[in-house]
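Keep in mind the model is a prediction, meaning the values are calculated, not measured. Residue numbers run from 1 in the order of the sequence given. We use all heavy atoms of the structure for the numbers below, so side chains are in, but hydrogens, waters and symmetry mates are not.
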Amino acid sequence: MKKILSLIKESLQHDENRDFTELSINKAIFLLSLPMVIEMSFEALFALVDAFFVARYVGIDGVATVGLTESVLTLVYSLAWGISIASSAVIARRIGEKNPEEGGKALAQIILISVVIGLVIAVFGYLNAERILQMMGAEPSVVEAGVRYTEIQFISAPIIILIFTLSGALRGAGNASTAMKSVIIANVLNIFLDFLFIPVFEIGVEGAAYATLIGRTVGVIYQLWALLGDNQKIKLTATLFRPARKIIVNILRIGAGSTAQFLIQSASWVFLVRILSIYGSEVIAGYTIAIRIIIFTILPSWGLSNSAATLVGQNLGAGKPDRAAKSAWKVAYINMAFLFVIAIVFFFFAESFVSWFDSTPRVVETGVLCLKILAIGYVFFGAGMVITQAINGAGDTAAPTVFNLICFWAIQIPLAYYLGEVVGWQEEGVFYALIISETLLAIIAIIYFKSGRWQKATV
């Protein structure tokens, strides 16, 4: 027990001299995974807490607004995740090569890219917020109540992208503890402000948007403060922020593949929500609550997956491809075991979880159905998630992009419409389409990883 507590303490403290390519694989996984899992757990709280306060104090139209807006914002999250993966892959490779100076140059360019893309999205989303809700099939009452929420969420686009990309850079450098602390700070503030803005000041659904924007902004400020400190492997200075064409092209090349993966997946989710909107706001609300609960369990798994990406990137940079592969498989087995336990919990307690947010019968029925069906594929999700991230961590983002295109666009969307509308299973058919496509993705990713082709990627 004393040894375990010592390892936990060590994992939550940053040590710039720690070399993950030399530690035992089990220890490296633990030291990287724990802060990453905690970070992703707190990241999941953003959506969960917002959904809870809106469901309790605003109502079904408010929850539907959150669900419809977030389904579109997943496109922003896709960009953020994509650039974050590129950030992590590039920084991890530079650290593995023992070249932190080039890592600092890359980080400065990543920040420039994040800000520019975020500002473009913010302007477009703010100007078209009402139209976006209407295109997503929102009922007039939902549009009227939620347009301000949608505007604020799009304004936050630069902050959303920065908090993800800076965390990716910190994780790639092996400094997962600082990334974790930034998200914890942002979340604690978000929870406090949600309570203050929604039930106390009665601002309404837009109060959740203000709380998230402020919380994430403070998180980004903390990340920048940490990166400007003296105890980092990668260091930022003002002179590094001059645009460097070669580095930008390299980051965009890697980021394009990883971003495309998430855009393909997120765009498919937008279409799924559009199909579900046919069945009414209560179905959308039930689905939104279920997805928030699922995200709360999936994001810790992303933490494990991110540790695999970092270990793969750093070990490839150090010229140790076999160690990179072995690390990824070990993380995959851990993640599968974790999600297997979660799946069992969902089967027995799904109704209690959903009812905690909203007791409307149709909402609960939809949420429970979604949780139970998706839980069937949790073990496959666990393996596929880690292996796909390991491939991305190697800088090989093209292959997973093709896998996503096949599974989500060629299979998931047509199958969801067919099962929902043609067969007549409605929302149940959409949920089965989700699990089938995700399972197929995991199988394809594992086959590709075993081929070893990802080890040849240049970063």
message = I'd like to know if the side chain of T397 and the backbone of I254 have a donor-acceptor N/O pair within less than 3.5 Å.
response = yes

E151: salt bridge (Lys or Arg N to Asp or Glu O under 4.0 Å) partners, not counting sequence neighbours = R148

ask   = What do you reckon, is OH of Y418 surrounded by more than 12 foreign heavy atoms closer than 6.0 Å?
value = no

ask   = Counting distance only, does the side-chain N/O of T165 pair as donor-acceptor with the main-chain N or O of L162 below 3.5 Å?
value = yes

inquiry  = Do L371 and I294 make a side-chain contact, defined as non-hydrogen atoms from C-beta onward lying under 4.5 Å apart?
reply    = yes

ask   = With a 3.5 Å cut-off and no angle check, do the side chains of N190 and T212 form a donor-acceptor pair?
value = yes

Aromatic plane relationship, Y57 with F53 - under 30° parallel, 30 to 60° tilted, over 60° perpendicular = parallel

inquiry  = Applying the side chain to side chain contact (heavy atoms under 4.5 Å, CB included) criterion to F353, which one of I293, I289, V364, V368 satisfies it?
reply    = I293

query = So does F195 have more than 12 non-hydrogen atoms from other groups sitting under 6.0 Å from CZ?
reply = no

query = Sub-3.5 Å donor-acceptor pair from the side chain of S277 to the main-chain atoms of R274, do we have one?
reply = yes

task = Using modelled atom types only, decide if a donor and an acceptor are shared between the side chain of S182 and the backbone of A179 within a distance under 3.5 Å.
result = yes

Close side-chain approach of F357 to V363, heavy-atom, < 4.5 Å = no

inquiry  = Strictly distance-based, threshold 3.5 Å: is any side-chain N or O of Q109 a donor or acceptor partner for the main-chain N or O of R242?
reply    = yes

ask   = Can you tell me if Q223 uses its side chain to pair, donor with acceptor, with the backbone of I163 under 3.5 Å?
value = yes

task = Just jot down the salt bridge (Lys or Arg N to Asp or Glu O under 4.0 Å) partners of R362, sequence neighbours excluded, or say none.
result = E365, E427

inquiry  = Counting only heavy atoms from other residues, nucleotides and ligands, does the tally under 6.0 Å from CZ of F271 exceed 12?
reply    = no

ask   = Any donor and acceptor pair, going by atom type alone, linking the side chain of S437 with main-chain N or O of I411 inside 3.5 Å?
value = no

ask   = Which is it for N404 and W409 under the side-chain contact (heavy atoms from CB on, under 4.5 Å) test, yes or no, and what are the steps along the way?
value = CA-CA 8 Å; N404 281 9; W409 282 88; over 6 Å; no

task = Taking atom CD of E421 as the centre, report whether more than 12 heavy atoms of other residues, nucleotides or ligands fall under 6.0 Å from it.
result = yes

query = Taking the side chain as C-beta and beyond, is there a heavy-atom pair between N392 and W81 under 4.5 Å?
reply = no

ask   = For F124, does the CZ atom have more than 12 heavy-atom neighbours from other residues, nucleotides or ligands under 6.0 Å away?
value = no

Acceptor/donor pairs from residues 299-309 side chains to any protein atom, 3.5 angstrom cut, sequence neighbours excluded:
unit_1: S301; atom_1: OG; unit_2: N335; atom_2: OD1; d: 2.9
unit_1: S305; atom_1: OG; unit_2: S301; atom_2: O; d: 2.9
unit_1: N306; atom_1: OD1; unit_2: Q389; atom_2: NE2; d: 2.9
unit_1: N306; atom_1: ND2; unit_2: W302; atom_2: O; d: 3.2
unit_1: S307; atom_1: OG; unit_2: S33; atom_2: OG; d: 3.0
unit_1: S307; atom_1: OG; unit_2: L304; atom_2: O; d: 2.5

ask   = For F380, does the CZ atom have more than 12 heavy-atom neighbours from other residues, nucleotides or ligands under 6.0 Å away?
value = no

Parallel, tilted or perpendicular, as decided by the 30° and 60° cut-offs, for the rings of W356 and F52 = parallel

message = Could you tell me if the side chain of L440 sits less than 4.5 Å from the side chain of I436, heavy atoms only?
response = no

query = Do the rings of Y287 and F431 sit parallel, tilted or perpendicular, given the 30° and 60° boundaries?
reply = parallel

ask   = Which heavy atom in L272 sits nearest to a heavy atom in A416, and how many Å separate them?
value = CD2-CB, 3.4 Å

key: Side chains of T178 and Y222 in contact at under 4.5 Å (non-hydrogen atoms)   = yes

query = Does a side-chain heavy-atom distance below 4.5 Å link I413 with F408?
reply = no

ask   = Is the closest side-chain heavy-atom distance between Q412 and L434 below 4.5 Å?
value = yes

query = Is any side-chain heavy atom of L170 closer than 4.5 Å to a side-chain heavy atom of I91?
reply = no

ask   = Within the side chain of S87, is there an N or O that forms a donor-acceptor pair under 3.5 Å with the backbone of I83?
value = no

key: Closest heavy-atom pair and its distance - G146, V205   = CA-CG1, 4.3 Å

inquiry  = I'd like to know if the side chain of S359 and the backbone of S355 have a donor-acceptor N/O pair within less than 3.5 Å.
reply    = no

ask   = How about Q153 and T69: does a side-chain donor come under 3.5 Å of a side-chain acceptor?
value = no

